[in-house]
Novice: 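Take a look at this one; I'll ask things after.
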Amino acid sequence: MRIKHYSIFSSGSKTLNWEDLRNNRDEKHYFLPFSKAEYLQKVETATPSSAAQTIIKQIEKLGANKVFSLGCGIGHLEYQVKKFSDFQVVVSDSNVSVLRLKEFDIFDDALVLDVNKESFPVGNNFVLLFSRIDTEFNDEQLVVLFRKCHKAGIANICFVPAELLNLHIFLAELKILFLSILKQKKRVFCGYARSMRSFRKLWGEYYEISHGFGDNKSVIFLKAKS
């Protein structure tokens with residue numbers, strides 16, 4: 001099952017444009033600072049989140065030490081994985097704002113990458129981090145993405161769904177609809193929220209769950225099928 005996912009942006013943007021959101025200070029959840037000091041102030045934490053702890057622990061169990069992140073955005077989670085582990089962490093995104101992360105010299109590398117058009121510059125020695133960007137793809141694109149990963153020899157994927165469909169997500173979408181009416185601001189279509197059953201169908205030909213505990217968990221590890 002899937003439903004449409006909407007947002008309301010502080011800037012009043014009527015379309016989803018990640019480069020504009022990354023450059024707009026009014027969009028505090030999406031803004032990527034222009035200086036390293038301001039960036040660190042935004043993402044710094046004394047302790048890792050439960051998601052980061054799980055990711056680090058499971059990657060260590062796999063015997064891996066290299067992470068490649070697709071669609072890193074601001075890089076909150078990636079920063080924690082880098083800070084609290086000895087892993088090599090490479091981040092990527094589809095717009096040039098990611099090059100600011102390259103300038104900050106926090107991650108091992110930062111690349112502009114359109115996964116719909118380009119191949120992955122990694123092999124099976126990397127764990128692919130697919131964090132909170134699933135809403136950006138339609139079902140066909142996600143199937144193609146998992147196929148590309150499998151064909152590229154990527155053995156392990158850490159999948160962190162952005163909108164795993166449950167009662168909370170339904171209520172959140174209703175709240176956005178109410179706020180849209182109340183504030184007279186246009187809802188912006190931002191993709192889809194899917195159920196775990198839907199995700200299993202999309203990756204099922206190429207990957208299977210190796211670590212994860214059902215719909216209430218935010219981190220799922222997938223291993224390639226032979």
Novice: Does the plane of the ring in F68 sit parallel, tilted or perpendicular to the ring in F126? Use 30° and 60° as the thresholds.
Specialist: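 Rings of F68 and F126: perpendicular, over 60°.
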Novice: Distance-only, no hydrogens or angles: does the S198 side chain make a donor-acceptor pair with backbone N or O of M1 under 3.5 Å?
Specialist: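 Side chain of S198 to backbone of M1, a donor-acceptor pair under 3.5 Å: yes, one is there.
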Novice: Check step by step if salt bridge (Lys or Arg N to Asp or Glu O under 4.0 Å) holds for E44 and K83.
Specialist: CA-CA 9 Å; E44 189 58 79; K83 177 178 179 179; 2.4 Å; yes
Novice: Please identify each residue that fulfils side chain to side chain contact (heavy atoms under 4.5 Å, CB included) with N24, with sequence neighbours left out.
Specialist: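 Expected list: S11, D26, E27.
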Novice: Go through the steps to decide whether N23 and R100 satisfy the test side chain to side chain donor-acceptor pair (under 3.5 Å), and finish with yes or no.
Specialist: CA-CA 11 Å; N23 294 335; R100 296 208 282 277; 3.0 Å; yes
Novice: Counting N and O atoms only, with roles assigned by atom type, does the side chain of T54 sit under 3.5 Å from a partner on the main chain of S50, one being a donor and the other an acceptor?
Specialist: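 Judged by distance alone, yes, a pair lies under 3.5 Å.
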Novice: Is it true that a side-chain atom of S92 and a backbone atom of S69 form a donor plus acceptor pair closer than 3.5 Å?
Specialist: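 Judged by distance alone, yes, a pair lies under 3.5 Å.
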Novice: Answer yes or no: is there a donor N or O on one side and an acceptor on the other, between the side chain of K225 and the main chain of G204, under 3.5 Å?
Specialist: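 Pair found, side chain donor or acceptor close to backbone of G204.
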Novice: Any chance CD of E205 has more than 12 other-residue heavy atoms, nucleotides or ligands included, within less than 6.0 Å?
Specialist: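 Atom CD in E205 is not packed in, count stays at 12 or less.
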Novice: Hydrophobic cluster membership, with links at side-chain heavy-atom distances under 4.5 Å among I/L/V/M/F/W/Y: are W18 and L32 in one?
Specialist: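 Not linked; separate clusters.
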Novice: List, one per line, each side-chain donor-acceptor pair under 3.5 Å for residues 101-112, sequence neighbours excluded.
Specialist:
| from | atom 1 | to | atom 2 | distance (Å) |
| --- | --- | --- | --- | --- |
| K102 | NZ | D109 | OD1 | 2.6 |
| D108 | OD2 | K82 | NZ | 2.8 |
| D108 | OD2 | V89 | N | 2.7 |

Novice: Please confirm whether the backbone N or O of K28 pairs with a side-chain atom of K42, one donor and one acceptor, at under 3.5 Å?
Specialist: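 Yes, the answer is positive, given that a donor and an acceptor are paired below the 3.5 Å cut-off.
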Novice: Would you say Q41's side chain and A37's backbone share a donor-acceptor pair under 3.5 angstrom?
Specialist: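 Side chain of Q41 to backbone of A37: no pair is present.
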Novice: Of all the heavy-atom pairs spanning Y39 and I74, show the shortest one and how long it is.
Specialist: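 Closest approach of Y39 to I74: OH-O, 2.8 Å.
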Novice: Above 12 or not: heavy atoms from other molecules or residues under 6.0 Å from NZ of K223?
Specialist: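 Incorrect, the count does not exceed 12.
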Novice: May I have the list of side-chain donor-acceptor pairs in residues 156-163 shorter than 3.5 Å, sequence neighbours left out?
Specialist:
none

Novice: Quick check on side-chain contact (heavy atoms from CB on, under 4.5 Å): which of F199, F170, Y192 does L165 satisfy it with?
Specialist: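 That would be F170.
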Novice: So among L202, I169, I3, which one has a side-chain contact (heavy atoms from CB on, under 4.5 Å) with R194?
Specialist: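 Exactly one pass, corresponding to L202.
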